[in-house]
Amino acid sequence: MNHKTKHLSRLEKLLKQTVNPKLLKAFAKIFISALALYFVFTKIPFRDVWFQIKDANVFLMISALVLFVLSKILASFRLLLYFKAIGIKLDSITNLKLYLLGMFYNLFLPGGIGGDGYKIYLLKKQGYSNVRRLLGSVLVDRLSGLYALFCLLIITFVFCSFYISCKQAVLILIPISYFAYQHFIKYIFPYLKTTTKASTLYSFIVQALQMTMAFFLLLALGQNANIPGYLFLFLVSSVVAALPLTIGGVGGREITALIGADLLHLNIDIAIALSLCFYLITALVSLSGIYYMIIPFETQLYANKLSLNCTNSHESE
């Protein structure tokens, strides 16, 4: 019996040494993304989607890229609001660099610490001791974006061409959800309650810029009819992409576009081409964060004579 116990113990240690949970997580995400893309392109030929992208208007594509970059700059300002609320005195440029590095981690290192995790790790390493508040600020930053996404989803739903009796009634969910969101922040994250109005405004501008970007992409792809339907589907796919199941949402967006376009009677080629263009632009911008991975972020701080002047936060919540 003892011999068997020792043998099992050795086997468990061996498994722990050889099976890396982060690696398994990465492979799982790659597998799900690949499976979703395989399913999509067995339903519709990839060459049909590629022809749509290949013939897209270059000027409008570049305009969409610029809008996406602007949205991410504003999103970094929103995160900075939360950091300042918890006592982290971080300048805008340094914060933007940190944000870009986080985007790179999220998209290209799916099984690693993740972009949000790296931000928390780095700020803690630079002297900010209250990890609970760091987690809270990063979580609320995500929630703020999702709240704005939810509201725009409702608005585009109302303007969609399909008929549903009294569909305008869903607009009441916007003030109700804002009341719920505001009180959630007030009671669960009281140290961030002063940022609610400003951060919500940032979130709406960020999401509006990305919706405008999607509009430009549709025009670039030659689609100028049933725009609200495509934008509604784009927002739904953004919610799906936010789930931590795929690599940067790839696969999740495309399968949502496939199913949603069929249900909403939209052009499936255009819907999938839109999702792929959005991913390619996201990947291109996220790739800029590799610079701060090759040259460690702390080195960048030192070279630019910047610092993370953190207020020591051992005080009670």
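This chain uses plain numbering: 1 for the first residue, then up along the sequence.
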Participant: Any donor-acceptor pair under 3.5 Å linking the side chain of Ser275 with the backbone of Ile272?
Facilitator: yes
Participant: Any donor and acceptor pair, going by atom type alone, linking the side chain of Asn95 with main-chain N or O of Ser76 inside 3.5 Å?
Facilitator: yes
Participant: Do Ser71 side-chain atoms and Phe68 backbone N/O form a donor-acceptor pair below 3.5 Å?
Facilitator: yes
Participant: Which heavy atom of Ala225 sits nearest a heavy atom of Tyr230, and at what distance?
Facilitator: O-CE1, 3.6 Å
Participant: Where is the tightest heavy-atom contact between Thr195 and Leu81, given as atom of each residue plus distance?
Facilitator: CG2-O, 3.8 Å
Participant: For Trp50 and Phe46, take the angle between the two ring planes, folded into 0 to 90°, and tell me which bin it lands in: parallel under 30, tilted 30 to 60, perpendicular over 60.
Facilitator: parallel
Participant: Quick one: do Gln182 and Thr196 satisfy side-chain hydrogen bond (donor to acceptor under 3.5 Å, both in side chains)? Show the steps, please.
Facilitator: CA-CA 7 Å; Gln182 195 174 34; Thr196 304; 5.6 Å; no
Participant: If we ignore hydrogens and angles and just use 3.5 Å, is the side chain of Ser203 paired with the main-chain N or O of Ser199 as donor and acceptor?
Facilitator: yes
Participant: Between Phe159 and Phe232, is the gap from one ring center to the other below 6.0 Å?
Facilitator: no
Participant: Give a yes-or-no answer on whether the side chains of Tyr147 and Thr200 include a donor-acceptor pair shorter than 3.5 Å.
Facilitator: no
Participant: For the residue pair Ala75 and Val206, what are the closest heavy atoms and their distance?
Facilitator: N-CG2, 3.7 Å
Participant: I need the full list of side-chain hydrogen bond (donor to acceptor under 3.5 Å, both in side chains) pairs touching residues 263-274, with sequence neighbours left out, sorted by first then second residue.
Facilitator: none
Participant: Is the positively charged end of Arg253 above the ring of Tyr279, judged by distance under 6.0 angstrom from the centroid and angle within 45° of the axis?
Facilitator: no
